[in-house]
Amino acid sequence: AVSGREVIVRYISMQPVDEESLPSAVKFEADKYIPFDLEEVVLDSQKLDETSLGLGTGAEMKVLLVAAKRSLIEQRVQLLKKAGLYPIIIDVDSFALGNAFVLKGILSPRAEVEGKVVALVDIGATKTNINIMIGNTSFFTREIYLGGNEFTEKIRQGMEITTEQAEILKRNPDIYALEIQEAVSPVIDDLANEVILSFDYFESQFEKKVEEIFLSGGGSQLFSLDLDLERIFHNFDKKFDKRINRWDPTENFEISKQLNGDDLRANAPQLAIAVGLASRIKKM
């Protein structure tokens, strides 16, 4: 998977064209949305089915446009080849996250999620991915450059301990819960504000409200994160009614006896993007 500032994701509106004409039509439109020379990027696109979800009128079609710098892809491919690995798919972090969630829905269906607008919020070490989905389709993605490392650093500074000790207390605070919540609160405030801005933008574009939030990523294992986010969201909007869930992307997987199942389950939130990438291989 690739991500970062050299990967551009845009949801664009175009005059309707057939599937065969879509790549050339998108290339013609891409100049308006891609801040790089088109010769420097790899482009891909996908038509989004809005009408079946009650989002579109049919006058225009919504298209997902993705561009990644060739240099970024080549750098990753060369790194893998040096390790004796040969990639067959290049994906984007946020879409891999969405694929993991779709796979979980297939293996562990939840009727109350079907057809809902859900926001996947994956908090990694250095950045947070947001993917807002309706059914199996992504309608908004964004990267926020805040993550678990900021939580750890604030705990380290506030408690005057080592980074290793801060990582442990982040998950298991023991008697220091209040001190840790106080230490990380500025970062959580910033993260929550960016999430709220993302939801507001999506809701204004599609006139649909985000109904549930699903947290994943290593940073989501901060012991108080879901409660802290709920508190901030409620302070921002007293009518806030979005349910916040933690989810396990490996739920219902059969774990090989060669692996430590307990360790894998304990760290499962970190595996969402990896599981999403693996699900692409499974389809081939």
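The figures that follow rest on heavy atoms only: side chains count, while hydrogens, waters and symmetry mates do not. One-based numbering along the sequence shown.
Under the 4.5 Å side-chain contact rule for hydrophobic residues, Y176 and I168 do not share a cluster. L215 and L227 are assigned to two separate hydrophobic clusters, defined by single-linkage of ILVMFWY side chains at heavy-atom distances under 4.5 Å. When the side chains of ILVMFWY residues are joined at heavy-atom separations under 4.5 Å, either directly or via intervening members, L107 and F214 end up in two distinct hydrophobic clusters. By the rule that hydrophobic residues join a cluster once side-chain heavy atoms approach within less than 4.5 Å of another member, F28 and L22 end up as members of separate clusters. The hydrophobic clustering, which links ILVMFWY residues whose side-chain heavy atoms are closer than 4.5 Å, places L80 and I90 apart.
Listed for the E150 side chain is a donor-acceptor partner under 3.5 Å among the backbone atoms of G147. With S108 contributing its side chain and G105 its backbone, the two residues share no donor-acceptor pair below 3.5 Å. The closest donor-acceptor contact from the side chain of S13 to the backbone of K62 lies at 3.5 Å or more, if one exists at all. With N172 contributing its side chain and D174 its backbone, the two residues share no donor-acceptor pair below 3.5 Å. Between the S198 side chain and the E194 main chain, a donor and an acceptor come within less than 3.5 Å of each other.
With values rounded to the nearest 0.5 angstrom, I132 atom CD1 is found 14.0 Å from T137 atom OG1. One distance of note links CZ of F233 with CD1 of I196; it measures 5.0 Å at 0.5 Å rounding. Interatomic distance, I123 CD1 to I144 CD1, rounded to the nearest 0.5 Å: 9.0 Å. For the atom pair CG of L43 and CD of E29, the computed distance is 12.0 Å after rounding to the nearest 0.5 Å. Note that CZ of R142 is 11.5 Å distant from CG of N129, once rounded to the nearest 0.5 Å. Between the CG atom in L65 and the CD1 atom in I34 there is a gap of 4.5 Å [rounded to 0.5 Å].
Counting heavy atoms from C-beta on, the side chains of K208 and F139 never come closer than 4.5 Å. When side chains are defined from C-beta on, L229 does not count as touching V121, because their heavy atoms never get closer than 4.5 Å. Residues R243 and N245 have side chains in contact (heavy-atom distance under 4.5 Å, counting atoms from C-beta outward). Between P269 and D248, every side-chain heavy-atom pair lies at or beyond the 4.5 Å cut-off. Considering only heavy atoms from C-beta on, E143 comes within 4.5 Å of S3 through its side chain. In this structure the side chain of K47 never reaches within 4.5 angstrom of the side chain of P16, judged on heavy atoms. Contact of the R246 side chain with the L225 side chain is registered, since non-hydrogen atoms from C-beta on lie closer than 4.5 Å. A heavy-atom distance below 4.5 Å is not found between the side chains of D228 and S185.
E211 CD: more than 12 foreign heavy atoms inside a 6.0 Å radius. In this structure, F253 places its CZ atom where more than 12 heavy-atom neighbours from other residues, nucleotides or ligands lie under 6.0 Å away. Annotation: L178, atom CG; neighbour count of heavy atoms from other residues, nucleotides and ligands within 6.0 Å does not exceed 12.
Aromatic rings of F140 and Y11 (six-membered ring for Trp) have centroids beyond the 6.0 Å cut-off, not under it.
Annotation for D122 and G217: closest pair OD1-N, 3.1 Å, computed over non-hydrogen atoms. Here the closest non-hydrogen pair linking F223 and L169 is CD2-O, 4.4 Å. Closest approach of I8 and Y33 over heavy atoms only: CG2-O, 4.1 Å. Counting all heavy atoms, side chain and backbone alike, D263 lies closest to N267 at O-ND2, 2.9 Å. The shortest non-hydrogen separation linking Q181 to S224 is CG-OG, 3.4 Å.
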Show, in sequence, the C-alpha distance, side-chain angles and deciding distance for I89 and L277, and conclude whether the side chain to side chain contact (heavy atoms under 4.5 Å, CB included) test is met. CA-CA 8 Å; I89 292 173; L277 291 173; 5.8 Å; no

Applying side chain to side chain contact (heavy atoms under 4.5 Å, CB included), run through W247 and K104 and close with a yes or a no. CA-CA 9 Å; W247 65 288; K104 179 185 180 300; 3.3 Å; yes

Worked verdict on V118 versus I213 for side chain to side chain contact (heavy atoms under 4.5 Å, CB included): CA-CA 6 Å; V118 301; I213 301 167; over 6 Å; no

Determine, stepwise, if the pair I130 / L120 fulfils side chain to side chain contact (heavy atoms under 4.5 Å, CB included). CA-CA 6 Å; I130 298 177; L120 311 180; over 6 Å; no

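A donor and an acceptor atom, one from each side chain of N131 and T141, are nowhere located under 3.5 Å apart. Side-chain contact annotation: T126 with N149, donor-acceptor N/O pair under 3.5 Å absent. Side-chain N/O atoms of E153 and Q157 include a donor and acceptor closer than 3.5 Å. Using a 3.5 Å distance cut-off with no hydrogens or angles, the side chains of R156 and T162 do not pair a donor with an acceptor.
E203 and K242 are joined by a salt bridge, as a carboxylate oxygen and a charged side-chain nitrogen come within less than 4.0 angstrom of each other. With respect to D93 and K127, a salt bridge is recorded, a charged nitrogen being found less than 4.0 Å from a carboxylate O. For E40 and R70, the salt-bridge test fails: no basic side-chain N is under 4.0 Å from an acidic carboxylate O. Between R265 and D262, no side-chain nitrogen of the basic residue sits less than 4.0 Å from a carboxylate oxygen of the acidic one, so the salt-bridge criterion is not met.
Remark: R5 is positioned above the aromatic ring of Y145, its terminal NZ or CZ atom under 6.0 angstrom from the ring centre and at most 45 degrees off the axis.
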